[in-house]
Colleague: 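Sharing a structure below in structure tokens format, with a few things to ask.
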Amino acid sequence: MPELPEVETTCRGIRPHVEGRVMTALTVRNPRLRVPLPADLPPRVAGQVLRTVGRRAKYLLLGFDAGTVIVHLGMSGSLRVVRSDEQPGAHDHVDFVFGAHALRLRDPRRFGMVVWQGGEAVQHPLLARLGPEPLDGAFDAAWLHTVTRGLRAPIKHVLMDSHRVVGVGNIYASESLFRARIHPLEPAGRLGPRRCARLVMVVRETLAAAIEAGGSTLRDFVGGDGQPGYFQQQYFVYGRDGEACRICGTAVQRVISAQRATFFCPRCQRRS
């Protein structure tokens with residue numbers, strides 16, 4: 001699933017091409033996504049100026065005067081800039097048309113969403129209860145230490161809980177915890193101020209590095225320019241079970257926790 005770096009890469013890639021331009025049409029070839037696309041959305045946005053292109057958590061926000069189109073890329077979707085007369089493929093379900101160019105939503109599994117929120121985007125139920133952005137100032141060592149007090153849940157689960165902090169999915173939680181030398185199953189409440197500070201720092205560094213590399217392309221993801229990401233070349237543990245740790249040479253291990261694969265080095269990330 002595209003995580004925060006992939007969605008941020010998409011946001012930055014499409015913004016220069018469409019922000020401030022008139023959406024001439026919204027072409028829907030298949031409205032049957034995870035949430036059916038609203039039938040009244042095409043006439044609602046056609047002829048309107050796209051004022052802003054933003055991101056909240058793993059959602060893209062296309063802001064108009066009357067409201068916001070909220071886009072989620074699902075499990076394997078992408079939103080890229082194409083010529084509006086380019087022949088669509090079988091999985092190209094929606095085009096946001098801006099004259100000669102369009103934003104084309106490709107979603108092979110149809111797990112994505114295109115929904116409308118009138119007024120403030122943050123009022124939509126998908127966004128209303130989300131935690132702070134990990135790249136914003138609200139996500140700091142003091143905050144992490146406070147919210148983890150008394151928690152027995154593994155710290156990896158806490159990082160992936162969007163009600164506590166948004167956008168840190170399975171890949172980047174695994175990679176950040178390795179860089180912080182914290183075992184992913186360590187109870188969150190055991191982290192003291194020093195480890196909380198270190199973890200906040202490396203989460204920020206890991207996400208920033210991933211954005212710089214254009215995100216990760218494991219299967220289908222491409223950015224707004226149609227190019228794949230390359231951060232997977234920098235992975236220390238994710239998907240490397242059985243391979244030698246790049247730091248100490250110990251075999252990387254894989255366990256299942258909360259129905260998700262978790263990767264770690266048992267030597268570099270010892271439990272306290």
Colleague: Do Gln48 and Met23 have side-chain heavy atoms sitting under 4.5 Å apart?
Modeller: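 Answer no - side chains too far apart.
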
Colleague: Applying salt bridge (Lys or Arg N to Asp or Glu O under 4.0 Å), name anything that partners Glu19, two or more places apart in sequence or on another chain.
Modeller: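 For Glu19, the residues satisfying salt bridge (Lys or Arg N to Asp or Glu O under 4.0 Å) (neighbours in sequence not counted) are Arg15.
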
Colleague: Can you check whether Pro31 reaches Pro36 side chain to side chain, under 4.5 Å on heavy atoms?
Modeller: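 With C-beta onward as the side chain, the pair stays apart.
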
Colleague: Are the side chains of Thr250 and Cys268 in contact, using a 4.5 Å heavy-atom criterion?
Modeller: no

Colleague: How long is the span from the NE2 atom in His91 to the CZ atom in Arg104, to the nearest 0.5 Å?
Modeller: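 One finds 13.5 Å between NE2 of His91 and CZ of Arg104.
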
Colleague: Listed by chain and number, what are the side-chain contact (heavy atoms from CB on, under 4.5 Å) partners of Arg32, not counting sequence neighbours?
Modeller: Asn30, Arg110

Colleague: Would you call Val114 and Phe96 a side-chain contact if the rule is heavy atoms closer than 4.5 Å?
Modeller: yes

Colleague: Take Phe139 and Val203 through the side chain to side chain contact (heavy atoms under 4.5 Å, CB included) test and state the conclusion after the steps.
Modeller: CA-CA 10 Å; Phe139 179 69; Val203 165; 4.0 Å; yes

Colleague: Would a hydrophobic clustering, with Ile, Leu, Val, Met, Phe, Trp and Tyr connected at side-chain separations under 4.5 Å, put Leu135 with Leu144?
Modeller: yes

Colleague: Under a 4.5 Å cut-off applied to non-hydrogen side-chain atoms, are Leu73 and Ser78 in contact?
Modeller: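 When only atoms from C-beta onward are counted, Ser78 and Leu73 do not touch, as no gap falls below 4.5 Å.
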
Colleague: Specify the closest pair of heavy atoms between Arg198 and Ala180, including all atoms of both residues, with the distance to one decimal.
Modeller: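 It is NE-O, 2.8 Å.
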
Colleague: I'd like to know if Met160 and Leu151 are part of one continuous hydrophobic network [Ile/Leu/Val/Met/Phe/Trp/Tyr, side-chain heavy atoms within less than 4.5 Å].
Modeller: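 No; Met160 is not reachable from Leu151 via cluster members.
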
Colleague: With sequence neighbours excluded, tell me which residues meet side-chain contact (heavy atoms from CB on, under 4.5 Å) with Pro38.
Modeller: Asp40, Leu41

Colleague: Should Ile171 and Val158 be regarded as members of a common hydrophobic cluster, given that ILVMFWY residues are connected when their side-chain heavy atoms come within less than 4.5 Å of each other, either directly or indirectly?
Modeller: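 Both belong to a single hydrophobic cluster.
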
Colleague: Would you check if the side chain of Thr10 reaches a backbone N or O of Leu79 as a donor-acceptor pair within less than 3.5 Å?
Modeller: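 Pair absent, no side-chain N/O of Thr10 close to backbone of Leu79.
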
Colleague: State which residues pass salt bridge (Lys or Arg N to Asp or Glu O under 4.0 Å) with Glu120; sequence neighbours excluded, sorted by chain then number.
Modeller: none

Colleague: May I ask you to decide if Gly167's main-chain N or O and Glu3's side chain share a donor-acceptor pair within less than 3.5 Å?
Modeller: no

Colleague: OH/Tyr238 to CZ/Arg254 distance, rounded to the nearest 0.5 angstrom?
Modeller: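 Separation between the atoms: 9.0 Å.
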
Colleague: Before giving the answer on side chain to side chain contact (heavy atoms under 4.5 Å, CB included), spell out for Val69 and Trp116 the whole-Å C-alpha distance, their side-chain angles and the decisive distance to 0.1 Å.
Modeller: CA-CA 5 Å; Val69 175; Trp116 172 259; 3.7 Å; yes

Colleague: Measure the spacing between NE2 of His72 and CG of Leu60 and express it to the nearest 0.5 Å.
Modeller: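 CG of Leu60 is found 9.5 Å from NE2 of His72.
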
Colleague: Do Phe98 and Leu26 belong together in a cluster built from hydrophobic side chains that touch within less than 4.5 Å?
Modeller: yes

Colleague: Inspect the surroundings of CZ in Phe64 and state if more than 12 heavy atoms from other residues, nucleotides or ligands are less than 6.0 Å away.
Modeller: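 Correct, the count exceeds 12.
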
Colleague: Measure the spacing between CZ of Arg80 and CZ of Arg106 and express it to the nearest 0.5 Å.
Modeller: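 Here the rounded value is 7.0 Å.
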
Colleague: Quick one: name the residues clustered hydrophobically with Ile70, using the 4.5 Å side-chain heavy-atom rule over I, L, V, M, F, W, Y, and just say none if it's on its own.
Modeller: Val35, Tyr59, Leu61, Met113, Val115, Leu126, Leu127, Leu130, Val166

Colleague: Could you see if Leu199 belongs to whatever hydrophobic cluster contains Trp143? Use Ile, Leu, Val, Met, Phe, Trp, Tyr and a side-chain cutoff under 4.5 Å.
Modeller: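 Looking at the clustering, Trp143 is in the same group as Leu199.
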
Colleague: For residues 155-167, which residue pairs qualify under salt bridge (charged side-chain N to carboxylate O under 4.0 Å, His left out), counting only residues two or more places apart or in two chains?
Modeller: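 Pairs touching residues 155-167 that pass the test: Asp161-Arg164.
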
Colleague: Roughly how far, to the nearest 0.5 Å, is the CZ atom of Phe178 from the CD atom of Gln269?
Modeller: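 Reported to 0.5 Å precision, the distance equals 6.0 Å.
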
Colleague: Which residues satisfy the side-chain contact (heavy atoms from CB on, under 4.5 Å) test with Ser272, sequence neighbours excluded?
Modeller: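 Expected list: Glu186, Arg190, Arg195.
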
Colleague: When you measure from the side chain of Asn170 to the backbone N and O of Ala261, does any donor-acceptor pair fall under 3.5 Å?
Modeller: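 Between the backbone of Ala261 and the side chain of Asn170 there is a qualifying donor-acceptor contact (under 3.5 Å).
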
Colleague: Who are the side-chain hydrogen bond (donor to acceptor under 3.5 Å, both in side chains) partners of Arg204, not counting sequence neighbours?
Modeller: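 Scan of Arg204 (side-chain hydrogen bond (donor to acceptor under 3.5 Å, both in side chains), adjacent residues dropped) gives none.
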
Colleague: What are the two closest non-hydrogen atoms of Val237 and Ser174, and how far apart are they?
Modeller: CG2-O, 3.7 Å

Colleague: Quick check: closest heavy atoms across Ser76 and Arg109, and the distance to 0.1 Å?
Modeller: OG-CG, 3.6 Å

Colleague: For a 4.5 angstrom cut-off between non-hydrogen side-chain atoms, does Pro184 reach Ile155?
Modeller: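 Pro184 does not reach Ile155 side chain to side chain.
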
Colleague: May I have the step-by-step check of side chain to side chain contact (heavy atoms under 4.5 Å, CB included) for Asp92 and Leu105, ending in yes or no?
Modeller: CA-CA 6 Å; Asp92 294 335; Leu105 177 64; over 6 Å; no

Colleague: Can you find a heavy atom in the side chain of Arg194 that is under 4.5 Å from one in the side chain of Cys196?
Modeller: no

Colleague: Could you check whether atom CZ of Arg129 has more than 12 heavy atoms from other residues, nucleotides or ligands sitting under 6.0 Å from it?
Modeller: no

Colleague: Has Ser84 got a side-chain atom pairing as donor or acceptor with Val97's backbone, closer than 3.5 angstrom?
Modeller: no

Colleague: Kindly write out the residues that satisfy salt bridge (Lys or Arg N to Asp or Glu O under 4.0 Å) with Arg55, not counting sequence neighbours, or none if the list is empty.
Modeller: Glu8, Glu133

Colleague: If I compare all heavy atoms of Ala57 with all of Leu4, which pair ends up nearest, and what's the gap?
Modeller: O-CG, 4.5 Å

Colleague: Listed by chain and number, what are the side-chain contact (heavy atoms from CB on, under 4.5 Å) partners of Arg51, not counting sequence neighbours?
Modeller: Val49, Asp65

Colleague: Got a donor-acceptor contact below 3.5 angstrom from the Arg21 side chain to the His17 backbone?
Modeller: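 Side chain of Arg21 to backbone of His17: a pair is present.
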
Colleague: Considering only Ile, Leu, Val, Met, Phe, Trp and Tyr, and joining two whenever side-chain heavy atoms are under 4.5 Å apart, list the other residues clustered with Phe264.
Modeller: Leu185, Val255

Colleague: With a 4.5 Å cut-off on side-chain heavy atoms, are Val94 and Thr27 touching?
Modeller: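 The answer is no; the side chains never approach within 4.5 Å.
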
Colleague: Decide side chain to side chain contact (heavy atoms under 4.5 Å, CB included) for Cys265 and Phe236; before the verdict, give the C-alpha distance in whole Å, the side-chain angles of both, and the deciding distance to 0.1 Å.
Modeller: CA-CA 9 Å; Cys265 171; Phe236 281 97; over 6 Å; no

Colleague: Closest approach of Ser176 and Val202, non-hydrogen atoms and distance?
Modeller: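 Heavy atoms of Ser176 and Val202 come nearest at O-CG2, 3.3 Å.
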
Colleague: Considering all heavy atoms of both residues, which atom of Gly112 and which atom of Asp107 are nearest to each other, and what is their separation?
Modeller: N-OD2, 2.7 Å

Colleague: If you count the non-hydrogen atoms of other residues, nucleotides and ligands that lie under 6.0 Å from CZ in Arg267, is the total more than 12?
Modeller: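 Counting neighbours around CZ of Arg267, 12 or fewer heavy atoms of other residues, nucleotides or ligands fall under 6.0 Å, so no.
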
Colleague: If you group Ile, Leu, Val, Met, Phe, Trp and Tyr whenever their side-chain heavy atoms sit less than 4.5 Å apart, what else falls in with Ile256?
Modeller: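 Taking Ile, Leu, Val, Met, Phe, Trp and Tyr as members, Ile256 stands alone, with no cluster partners.
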
Colleague: Assess whether salt bridge (Lys or Arg N to Asp or Glu O under 4.0 Å) is satisfied between Asp95 and Arg29, documenting all intermediate values.
Modeller: CA-CA 8 Å; Asp95 280 4; Arg29 300 182 190 88; 2.7 Å; yes

Colleague: State the CG-CD1 distance between Leu177 and Ile182, to the nearest 0.5 angstrom.
Modeller: 6.0 Å

